[in-house]
2 protein chains.
Amino acid sequence: MTIEQELVKKLRSSNLRPTKQRLEICRVLFDRQKTFHFTISDLAQILNEKSKNKISLATIYNTVDVLKSKGHLKEISINSDKTFFDTNISNHHHFFNENTNELTDFYDEDISQIKIKKNIPGKKIKSVEVLVKVANNN
Amino acid sequence: MTIEQELVKKLRSSNLRPTKQRLEICRVLFDRQKTFHFTISDLAQILNEKSKNKISLATIYNTVDVLKSKGHLKEISINSDKTFFDTNISNHHHFFNENTNELTDFYDEDISQIKIKKNIPGKKIKSVEVLVKVANNN
DNA sequence: ACAGCAGTTTAGAATCGTTATAATGTAGAA
DNA sequence: TTCTACATTATAACGATTCTAAACTGCTGT
Ligand SMILES: [Mn+2]
Ligand SMILES: [Mn+2]
Ligand SMILES: [Zn+2]
Ligand SMILES: [Zn+2]
């Protein structure tokens, strides 16, 4: 399956027609090697630079919102200032660089195994995620 | 040191005079046995119920803000909807109940020891915190 | 006591990220 | 081509947070 076909599939599985605006958005989000962590304003800026025809903020918000609700994007909360999204939808951990505001993934092999010893009666664990905040030395 | 003296001390160490509004706020925040996790609207509601004289939202925001910047409160981000604050300022872990939106602390003894194996050159680790999201069974 | 003054509280305005609305545009089906 | 459902867009509305500027409080020095 070509990458373009995959993008179309993601959109169709979200009940979104693969229009040219939505495809542009999906190319920025998913046509890349590494996980992409972004805010809406990051994404809007990239789209404005890359694309001749402007895509309205409303379309960007709508598309990201639907992709998130269909499980193709994940929301990450670091601080209250702005919402981050993540193209890596798996349960995973992050470094947050307080100097650059950059988010980076890390994986189970980069951390000792986590076992929760406290039991929560009547509750089910949905996710266990670690946030490591880092900053420049000195 | 009495609890009231401690409240005054917290305020003074934040360069805030212990006025009656600020003391009311601090009583709600710090005069309790267990850690308190709250949003500004939680706090405002409690203050409105408890106190005869209303305290303006501006004063609540200002006081919480300064207490946070002086390290007497900690900000916790769970989702983008609203900012949580925490009277437990230590590095610690949380359960978040997705049904009730309640935050609960848990401690190092409730989880296996966490070792980060990935190295981040030139960076210093400021905090390592785990967020466990839980929801009702069924 | 009282004027002066620094610091405080407050209501409301401003801001900003996000969501909703409603008018206009587009493209596939018949 | 016409019809029609769906998309896109500009802009308004919204809600949390921050800012502002005016009124208030309570020391301080006389
Ligand atoms: Mn913040
Ligand atoms: Mn949310
Ligand atoms: Zn990630
Ligand atoms: Zn806590």
Side-chain angles (χ1 to χ4, degrees), chain A residues 7-8 10-29 37-48 50-70 73-86 101, chain B residues 7-8 10-29 37-48 50-70 73-86 101:
Chain A
L7 300 183
V8 170
K10 274 200 168 64
L11 286 170
R12 289 217 184 282
S13 75
S14 307
N15 297 316
L16 292 176
R17 288 187 187 164
T19 63
K20 72 175 189 303
Q21 286 90 341
R22 287 170 181 164
L23 276 169
E24 284 262 25
I25 292 171
C26 283
R27 269 181 222 114
V28 172
L29 296 182
H37 299 92
F38 64 98
T39 64
I40 293 287
S41 50
D42 293 338
L43 179 55
Q45 196 188 324
I46 292 171
L47 285 165
N48 277 342
K50 168 192 246 264
S51 160
K52 59 228 76 180
N53 32 0
K54 302 268 171 294
I55 299 178
S56 82
L57 250 194
T59 298
I60 297 174
Y61 269 107
N62 283 340
T63 305
V64 166
D65 235 54
V66 175
L67 288 172
K68 175 192 150 197
S69 74
K70 298 298 177 168
L73 289 174
K74 185 172 173 169
E75 187 182 329
I76 311 284
S77 279
I78 302 296
N79 61 45
S80 49
D81 302 338
K82 220 175 265 184
T83 302
F84 282 81
F85 294 92
D86 193 340
N101 277 22
Chain B
L7 301 183
V8 171
K10 273 198 170 66
L11 286 170
R12 290 219 184 281
S13 75
S14 307
N15 298 315
L16 292 176
R17 288 189 187 163
T19 63
K20 71 176 190 301
Q21 288 90 341
R22 287 170 180 163
L23 276 169
E24 285 262 24
I25 292 171
C26 283
R27 269 180 223 114
V28 173
L29 296 182
H37 298 93
F38 64 99
T39 64
I40 294 287
S41 51
D42 294 337
L43 179 55
Q45 195 189 324
I46 292 171
L47 285 165
N48 277 343
K50 168 192 247 264
S51 162
K52 58 228 79 183
N53 33 359
K54 301 267 171 295
I55 299 177
S56 81
L57 250 194
T59 298
I60 298 174
Y61 270 106
N62 284 339
T63 305
V64 166
D65 236 54
V66 174
L67 288 172
K68 177 192 148 197
S69 74
K70 299 297 178 168
L73 289 174
K74 184 172 173 171
E75 188 182 329
I76 311 283
S77 279
I78 303 297
N79 61 45
S80 49
D81 301 338
K82 219 175 267 184
T83 301
F84 283 81
F85 294 92
D86 192 340
N101 278 21

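Letters A, B, ... mirror the listed sequences (proteins, then strands); counts begin at 1.
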Taking all non-hydrogen atoms of both residues into account, name the closest pair between Asp42(A) and His37(A) and its distance.
OD2-O, 4.5 Å
So which atom in Lys68(B) and which in Phe85(B) form the shortest heavy-atom distance, rounded to 0.1 Å?
CD-CE2, 3.8 Å
Using side-chain heavy atoms (C-beta onward) and a distance below 4.5 Å, is Thr63(A) in contact with Thr59(A)?
yes
Donor-acceptor pair between Lys70(B) and Ser13(B) side chains, under 3.5 angstrom:
no
Taking only the side-chain heavy atoms of Asp65(A) (C-beta and beyond), determine which of dT9(D), dT19(C), dT10(C) contains the nearest atom.
dT19(C)
What are the residues of residues 12-24 of chain B, sorted by number, that bring a heavy atom to within less than 4.0 Å of DNA chain D?
none
Hey, does Thr83(B) reach any base, or is it just sugar-phosphate, or nothing, if we go heavy atoms under 4.0 Å?
sugar-phosphate
Contact nearer the 5' end of DNA chain C, comparing Ile40(A) with Asn62(A):
Ile40(A)
Evaluate Leu7(A) against Leu11(A) for side-chain contact (heavy atoms from CB on, under 4.5 Å), listing each step before the verdict.
CA-CA 6 Å; Leu7(A) 300 183; Leu11(A) 286 170; 5.6 Å; no
Residue pair Ile60(B) / Ile40(B), side-chain heavy-atom distance below 4.5 Å:
yes
Look at the side chain of Ala58(B) and decide which nucleotide, out of dT9(D), dT17(D), dC19(D), has an atom nearest to it.
dC19(D)
Below 4.0 Å: OP1/OP2 of dT19(C) and any side-chain N or O of Tyr61(A):
no
Closest listed nucleotide, where the reference is the side chain of Thr59(A) and the choices are dG17(C), dT9(D), dT10(C):
dT9(D)
Separation of Leu57(B) atom CG from dA14(C) atom P, in whole Å?
18 Å
